[in-house]
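As a basis for the values below, the full set of heavy atoms in this structure was taken, side chains included, without hydrogen atoms, waters or symmetry mates.
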Amino acid sequence: EFGLIAGILNRKGSLGPKDGFRSRGELPLEALDHADADAAARALADIDPAAYRTFNMVVADGRDAFWLRSAGGEEGAAEEAGVEVMALPEGLSMITAHDRNDPSDPRIRDTLPRFRAAPAPDPGAGDWASWESLLASREHGPGDGPGDAMNVVTDTGFGTVSSSLIALPAPARVGAGPLWLFAPGRPDEAGFEAVLP
């Protein structure tokens with residue numbers, strides 16, 4: 001409604017629900033109660049991080065984008081750190097269960113350079129081909145496994161179950177709305193379909 005998006009990921013070692021913790025799925029819904037990314041990020045900075053398992057979250061609109069990190073209890077993280085809010089810089093960033101652009105994560109180390117080298121999508125023209133291909137890729141770095149590819153397929157049931165491509169118009173683009181393409185399965189098997197507009 002306001003051109004605001006929010007997405008959340010578990011951090012390393014915190015996959016799934018756990019007794020005594022609230023669902024992290026509440027947090028994007030909380031973010032969407034705000035009119036812009038700045039207000040949403042400021043509100044989420046004040047939550048009790050001990051109520052949720054650790055997470056990375058992105059909140060963005062056509063003007064601003066923020067990375068919210070709740071890493072309390074992780075090795076090397078301050079238990080009392082709370083939710084850290086960091087502005088995402090202009091350009092390409094990649095966030096997984098690790099920190100932004102963290103080269104210790106094989107998915108980031110091997111895939112982020114491929115995104116940077118790929119032709120930029122042109123959402124207004126409906127051209128996402130280069131990023132669709134990267135999201136569907138099962139390619140991983142030497143010495144890494146299938147769980148380190150962009151499109152994760154394993155024998156254990158852990159893997160990619162869907163993918164989204166989202167574009168938010170800059171405020172100067174009067175009348176332009178957000179675009180959202182969704183693959184309701186692994187992107188190498190399920191095609192992307194328009195959800196918005």
Side-chain angles (χ1 to χ4, degrees), residues 1-10 24-44 55-69 85-102 105 107-108 110-139 149-152 159-197:
E1 184 179 339
F2 300 117
L4 174 67
I5 63 163
I8 195 159
L9 298 160
N10 58 279
R24 291 170 284 202
E26 299 172 358
L27 299 174
L29 298 175
E30 166 65 26
L32 296 178
D33 280 342
H34 300 277
D36 61 38
D38 183 62
R42 282 185 282 117
L44 289 166
F55 63 85
N56 283 326
M57 186 170 178
V58 172
V59 178
D61 59 27
R63 236 182 340 268
D64 299 303
F66 299 93
W67 165 35
L68 287 72
R69 176 177 63 187
V85 176
M86 294 156 274
L88 284 172
E90 188 171 322
L92 191 60
S93 291
M94 190 169 179
I95 299 174
T96 62
H98 297 264
D99 286 349
R100 181 184 75 85
N101 297 346
D102 185 346
D105 179 351
R107 293 180 81 195
I108 292 175
D110 298 329
T111 308
L112 183 56
R114 294 173 61 210
F115 272 96
R116 287 184 172 144
D122 183 353
D127 181 8
W128 292 90
S130 61
W131 282 19
E132 286 181 28
S133 177
L134 288 168
L135 289 174
S137 174
R138 294 189 194 179
E139 185 179 328
M150 194 72 237
N151 180 17
V152 177
T160 301
V161 296
S162 66
S163 292
S164 285
L165 293 162
I166 300 170
L168 298 173
R173 294 201 55 201
V174 177
L179 302 173
W180 177 17
L181 300 179
F182 179 70
R186 288 200 323 252
D188 59 332
E189 296 181 347
F192 284 88
E193 303 165 3
V195 177
L196 288 175

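Within the 3.5 Å criterion, the main-chain N or O of Ala129 finds a donor-acceptor partner in the side chain of Asp127. Side chain of Asp99 to backbone of Asp102: no donor-acceptor contact under 3.5 angstrom is found. The backbone N or O of Gly185 sits nowhere less than 3.5 Å from a side-chain atom of Ser162 that would complete a donor-acceptor pair. Remark: side-chain polar atoms of Asn56 are paired, donor with acceptor, to backbone N or O of His98 under 3.5 angstrom.
Here the closest heavy-atom approach between residue Ala118 and residue Ser130 is recorded as CB-CB, 4.0 Å. Across Pro187 and Ser163, no two heavy atoms sit closer than the pair CG-OG, 3.4 Å. Taking both residues in full, the closest heavy atoms of Ala31 and Ala6 are given as CB-CB, 3.8 Å, listed atom of the first, atom of the second, then distance. Arg116 approaches Asn101 most closely through the heavy-atom pair NH2-ND2, 3.8 Å. The minimum heavy-atom distance between Ala183 and Ala190, with the atom names listed, is CB-O, 3.6 Å.
Side-chain atoms of Arg100 and Ser93 include a donor-acceptor pair closer than 3.5 Å. Ser137 and Asn151 share no side-chain donor-acceptor pair at under 3.5 Å.
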Worked check of side chain to side chain contact (heavy atoms under 4.5 Å, CB included) between Val59 and Leu68: CA-CA 8 Å; Val59 178; Leu68 287 72; 4.1 Å; yes

Leu165 and Leu135: CA distance, side-chain angles, deciding distance, side chain to side chain contact (heavy atoms under 4.5 Å, CB included) verdict: CA-CA 9 Å; Leu165 293 162; Leu135 289 174; 3.6 Å; yes

Side chain to side chain contact (heavy atoms under 4.5 Å, CB included), that's the test. Do Arg42 and Val85 meet it? Break it down for me. CA-CA 8 Å; Arg42 282 185 282 117; Val85 176; over 6 Å; no

When you look at Asn10 and Arg24, which way does the side chain to side chain contact (heavy atoms under 4.5 Å, CB included) test go after all the steps? CA-CA 8 Å; Asn10 58 279; Arg24 291 170 284 202; 3.3 Å; yes

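Here CD1 of Ile5 is found 11.5 Å from CG of Leu196. Values are rounded to the nearest 0.5 Å. Distance check: Trp180 CH2 to Glu193 CD gives 11.5 Å after rounding to the nearest 0.5 Å. Here the CD1 atom belonging to Ile8 is positioned 9.5 Å from the CD atom belonging to Glu26, to the nearest 0.5 angstrom. Rounding to the nearest 0.5 Å places CG of Leu168 at 7.5 Å from CG of Asp61. The CZ atom of Arg69 lies 10.0 Å from the CD1 atom of Ile95; values are rounded to the nearest 0.5 Å. Residue His34 holds its NE2 atom at 9.0 Å from CG of Leu4, rounded to the nearest 0.5 Å.
Looking at Trp131 and Ser133, their side chains never come closer than 4.5 Å, going by heavy atoms from C-beta outward. Inter-residue side-chain proximity for Leu27 and Phe55 is flagged as met; some heavy-atom pair is nearer than 4.5 Å. Residues Met57 and Leu44 are in side-chain contact: their nearest non-hydrogen atoms beyond the backbone lie under 4.5 Å apart. Annotation: side chain of Pro178 is not in contact with side chain of Ile166 (no heavy-atom distance under 4.5 Å). Proximity of Asp38 to Phe66: side-chain heavy atoms (C-beta onward) are separated by under 4.5 Å at one or more points.
Salt bridge Arg114/Asp110: absent, no basic N to carboxylate O contact under 4.0 Å. One finds no salt bridge joining Asp105 and Arg107 here, because no Lys/Arg side-chain nitrogen approaches an Asp/Glu carboxylate oxygen to under 4.0 Å.
Between Phe192 and Trp128, the ring centre distance reaches or exceeds 6.0 Å.
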